[in-house]
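Computation of the quantities below employed the complete heavy-atom set of this structure, encompassing side-chain atoms and omitting hydrogens, waters and symmetry-equivalent molecules. Start at 1 with the first residue, then count along the sequence.
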Amino acid sequence: MPRIVKTHLPRAIGTFTSDSSQGPTVLLVGGMHGNEPAGIVAIQRVLEQLPARAESFRGRVTGLIGNCRATAQGVRYVSSDLNRLFLPESIRIIRNKPVLPPESAGAETCEIHEFTDAVGTVLAERPPGRLYVLDLHTSSAPSVPFLIARQTANNRRLAEALGFPAVTGFEGHLKGVFGMTFDSAFELSARNCACLVVESGQHDSSEALTYAIAAIWLTLAAAGCVPAEDAAVERSRLLVSRLPGDLPRRLRLTDRYAIKPEAGFAMRPGFRNFDPVREGQILADNRYGAITSPRDGLILMPLYQAQGEDGFFIVQEE
């Protein structure tokens with residue numbers, strides 16, 4: 001089970017680059033939520049294996065930790081959810097303020113300063129070529145791996161190359177999520193980059209780490225950084241091919257249940273990602289009574305942890 005236990009963490013996980021001044025750039029982000037260490041460990045594992053592929057490698061790969069302070073503490077966030085701050089206006093306001101110590105500014109205000117600086121350096125140093133971004137996450141409920149993406153041509157192509165079920169429509173319900181607003185937050189053209197959120201499994205499961213590693217290798221192959229016939233890529237492709245065949249590969253978000261902190265939200269036990277639910281079925285409770293599904297569909301990311309603003313989502317096949 002992946003664990004990160006340190007009192008202080010450097011933001012940069014590592015970079016690997018080819019000798020050529022040309023090629024794609026792949027930015028890998030783990031730990032945007034500090035209680036989701038699998039992405040960080042997956043990035044470390046892949047970066048460790050890239051030097052052996054130096055002759056066939058093209059481009060540049062960089063791994064970053066999203067929320068270092070929360071990751072060091074093993075919590076989703078310290079004072080506010082970093083993964084709701086990636087809106088152009090939010091970044092502009094925060095970055096125009098004087099940099100204060102965390103006890104004055106708040107941990108995530110410091111994190112957004114430091115993280116956007118790190119991403120800015122990646123963008124400034126990248127060679128000419130396409131940009132690919134993976135934002136690696138896990139969930140509190142048991143789950144098969146899946147992707148979250150905005151509907152763009154580049155995102156669709158990358159999602160198809162990875163082969164995981166892909167869910168669209170989150171941008172209509174959640175604002176400031178790094179993996180969905182990356183291009184606008186950093187003032188990039190969506191035509192030149194692809195950005196996916198990878199939800200690889202339950203937080204501490206070995207499967208989550210395995211699928212996160214597979215997602216990275218498949219992205220490197222899709223980007224052209226490593227050959228499609230690379231052994232790690234072929235193993236990853238085989239792993240994904242064994243996912244349940246009855247799960248739709250393209251889904252769309254229809255509903256989000258937002259939590260009010262004072263309401264005392266609690267999911268009913270036993271739900272897994274993509275479990276079918278019926279309209280009117282009781283899914284959770286709060287101090288005001290039972291909370292039911294608004295429609296038939298599949299439940300996604302039911303909340304089984306203390307922190308979080310989203311009780312559950314409902315998705316349907318496209």
Within the 4.5 Å heavy-atom criterion, are [X] and [Y] side-chain neighbours or not?
{"X": "L209", "Y": "R45", "answer": "yes"}
{"X": "R268", "Y": "L283", "answer": "no"}
{"X": "D255", "Y": "H173", "answer": "no"}
{"X": "D230", "Y": "E234", "answer": "no"}
{"X": "V61", "Y": "L220", "answer": "yes"}
{"X": "I314", "Y": "V277", "answer": "yes"}

Q) Under 3.5 Å, side chain of T181 to main-chain N/O of V177, donor-acceptor pair present? A)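 Yes; judged by distance alone, with no hydrogens or angles, the pair exists.
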Show the nearest heavy-atom pair for residues P165 and P145, with the distance to one decimal.
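Scanning both residues completely, I find the closest heavy atoms to be CD-O, 3.4 Å.
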Nearest 0.5 Å, please: how far is [atom2] in [Y] from [atom1] in [X]?
{"X": "E199", "Y": "D135", "atom1": "CD", "atom2": "CG", "answer": "8.5 Å"}
{"X": "L123", "Y": "T25", "atom1": "CG", "atom2": "OG1", "answer": "8.5 Å"}
{"X": "N83", "Y": "F178", "atom1": "CG", "atom2": "CZ", "answer": "8.5 Å"}
{"X": "L247", "Y": "F274", "atom1": "CG", "atom2": "CZ", "answer": "5.5 Å"}
{"X": "T152", "Y": "R157", "atom1": "OG1", "atom2": "CZ", "answer": "8.0 Å"}

Is the count of non-hydrogen atoms from other residues, nucleotides or ligands lying under 6.0 Å from E55 atom CD greater than 12?
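No, CD of E55 has 12 or fewer neighbouring heavy atoms, counting only those of other groups under 6.0 Å.
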- [ ] Enumerate the residue pairs fulfilling ring pair (Phe, Tyr, Trp, His ring centres under 6.0 Å) with a member in residues 251-270, sequence neighbours excluded, ordered by first and then second residue.
- [x]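 Matches after skipping sequence neighbours: Y257-F265, Y257-F312.
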| task | Go through the steps for Y304 and F271 under the test ring-ring contact (aromatic ring centres under 6.0 Å, His included), then give the verdict. | result | CA-CA 9 Å; Y304 290 113; F271 286 107; 7.5 Å; no
Practice item. Quick one: sort the F182 and F186 rings into parallel, tilted or perpendicular, breaks at 30° and 60°. Key: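 F182 and F186: tilted rings.
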Common cluster, M267/L300, ILVMFWY with side-chain heavy-atom separation under 4.5 Å:
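Result: no, two separate clusters.
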Inset, instruction - Could you give me the CA-CA distance, side-chain angles and deciding distance for Y211 and F146, then say whether ring-ring contact (aromatic ring centres under 6.0 Å, His included) is met? - result: CA-CA 10 Å; Y211 283 118; F146 64 97; over 10 Å; no
